[in-house]
Amino acid sequence: MSYFMVWCKGLLMGAADIVPGVSGGTLALLLGIYERLIKAIRSVDHHAIGMVLQGKLNAAWQHMDGTFLLCLFSGILLSVFLLANGVSWMLAHQPVLLWALFFGLILSALPHLCFKLNWNRSRLALLMVGVGIALAIGRLQPVELEPELWMYFVAGAIAICAMILPGISGSFILLLLGMYAPVLLAVTELHLVPLALFASGCAVGLLSFSRLLSCLLARYHDATLALLIGVVIGAMYRVWPWQLAGEPVSFATYAQQNGSLQLGWAVLLAVVGILLMQGMLRLERQQDSRDDVSN
């Protein structure tokens, strides 16, 4: 896999993480980099710190899969800072089209992901458990509050766990905590202290939670993936394009409330999402084929 492709996947993950209801972890899983991401984050450990303190910088970099992480997170951060204002505008003025894009993006890659596993009864049961977890979380209601500074740290630690869990949106968790608007405001207006606290919380949560996920994937690989796929499927209703007050509704109900379904444009954006995802998967397969030939 070329590092340019990793960077492009980071761009998609960053865009997904901005949107409540869409998870960057979902995109990482669908794009085939989830396990490598968890392993790389897990490798930022005491061994890596020891190598750095001993001056073995190159060894530490290799241990952490540093180039992969650098390319991925630079893409994520660039996407967040470039798209935060645009996504906020789309959520306020064109939510149907925004949801349609991500609906097509996620839906088009699910079959590719499902075909990777050998399914049996226990894995199907875990898939259904994952669906139930996602549906239960999606039914929770957001709160509103005036945040204290320490809340940015706590919100970062909790939200980052959701951001690396497929199907569970870190942005949606921020909404539930009442921290989505304050964090987005801090990003768009560059409020450095809240951003620093939020980033610190993210770092602590990410390093802690990645160890749990890495252990599960190492010991119960297919079972864990089946559960995660179920969470992705269960969370699909959160990205249904036609929503009222954050709840998916039928065409008729939406048209009665808003007058226009924007069906043509929504289908077009969904097709764009499908083509974008399939294009990424095709480029990755071609790159893997070239790597196999060169080896």
- Query: Do you know which two heavy atoms are closest between I173 and A159, and how far apart they sit?
  - Reply: CG2-CA, 4.4 Å
- Item | V52/K56 under side-chain contact (heavy atoms from CB on, under 4.5 Å): CA gap, chis, key distance, verdict | CA-CA 5 Å; V52 171; K56 300 177 180 178; over 6 Å; no
- Message: Keeping S79 on the side-chain end and G75 on the backbone end, is there a donor-acceptor pair under 3.5 Å?
- Response: no
- Item | Sub-4.5 Å side-chain heavy-atom contact between Y152 and V183 | yes
- Task: Verify, without hydrogens or angle tests, whether Q278 (side chain) and L105 (backbone) share a donor-acceptor contact under 3.5 angstrom.
- Result: no
Can you list, pair by pair, the side-chain donor-acceptor contacts under 3.5 Å of residues 222-229, counting residues two or more places apart and other chains?
unit_1 : atom_1 : unit_2 : atom_2 : d
T224   : OG1    : L216   : O      : 3.2
T224   : OG1    : Y220   : O      : 2.7

- Of all heavy-atom pairs linking A134 and A235, the shortest is CB-N, 3.6 Å
- Between Y180 and L185, is a side-chain contact (heavy atoms from CB on, under 4.5 Å) present by the stated rule, with each step listed? CA-CA 9 Å; Y180 179 75; L185 181 65; over 6 Å; no
- So which heavy atom on L174 is nearest to which on A155, and how close? CD2-CB, 3.8 Å
- Would you check, one step at a time, whether the test side-chain contact (heavy atoms from CB on, under 4.5 Å) holds for D65 with K39? CA-CA 9 Å; D65 203 357; K39 182 179 179 181; over 6 Å; no
- Interatomic distance, S74 atom OG to L69 atom CG [nearest 0.5 angstrom]: 10.5 Å
- Closest non-hydrogen atom pair between A60 and A48, with its separation: CB-O, 3.8 Å
- Message: Using modelled atom types and a 3.5 Å cut-off, is there a donor and acceptor pairing between side-chain atoms of S214 and backbone atoms of S210?
- Response: no
- Query: Can you check whether C8 reaches M280 side chain to side chain, under 4.5 Å on heavy atoms?
  - Reply: yes
- Task: Please name the pair of heavy atoms, one in F198 and one in G156, separated by the smallest distance, quoted to 0.1 Å.
- Result: CE1-CA, 3.4 Å
- Note on the structure: Heavy-atom closest pair (L30 atom, A109 atom, distance to 0.1 Å) is CB-CB, 3.8 Å
- Message: I need the full list of side chain to side chain donor-acceptor pair (under 3.5 Å) pairs touching residues 261-275, with sequence neighbours left out, sorted by first then second residue.
- Response: Q94-Q262
- Do W7 and I76 have side chains that get closer than 4.5 Å, going by heavy atoms? no
- Any donor-acceptor pair under 3.5 Å linking the side chain of H221 with the backbone of L217? no
- Pairwise side-chain contact, I33 with M13, heavy-atom cut-off 4.5 Å (strictly under): yes
- Residues pairing under side chain to side chain donor-acceptor pair (under 3.5 Å) where one sits in residues 110-136, two or more places apart or in two chains, turn out to be N120-S122
- Task: Would you mind reporting whether F103 and L98 have side-chain heavy atoms less than 4.5 Å apart?
- Result: no
- Query: Got F81 and L190 here, is their nearest side-chain heavy-atom distance under 4.5 Å?
  - Reply: yes
- Query: Would you say the side chain of L107 lies within less than 4.5 Å of the side chain of M236, judging by non-hydrogen atoms?
  - Reply: yes
- salt bridge (charged side-chain N to carboxylate O under 4.0 Å, His left out) pairs, two or more places apart, involving residues 264-280: none
Indicate every side-chain donor-acceptor pair of residues 245-256 with a distance under 3.5 Å to a residue at least two apart or in another chain.
unit_1 : atom_1 : unit_2 : atom_2 : d
E247   : OE1    : R139   : NH1    : 2.9
S250   : OG     : T253   : N      : 3.2
S250   : OG     : T253   : OG1    : 3.0

- Task: Apply the test side-chain contact (heavy atoms from CB on, under 4.5 Å) to residues L276 and L12: give CA-CA distance (whole Å), side-chain angles for both, the deciding distance (0.1 Å), then the verdict.
- Result: CA-CA 10 Å; L276 184 60; L12 286 178; 3.7 Å; yes
- Message: In the structure I gave you, are the side-chain heavy atoms of L213 and I41 within less than 4.5 Å of one another anywhere?
- Response: no
- Co-members of I49 in a cluster of I, L, V, M, F, W and Y side chains, linked at under 4.5 Å: L53
- Item | M128 atom CE: more than 12 heavy-atom contacts under 6.0 Å | no
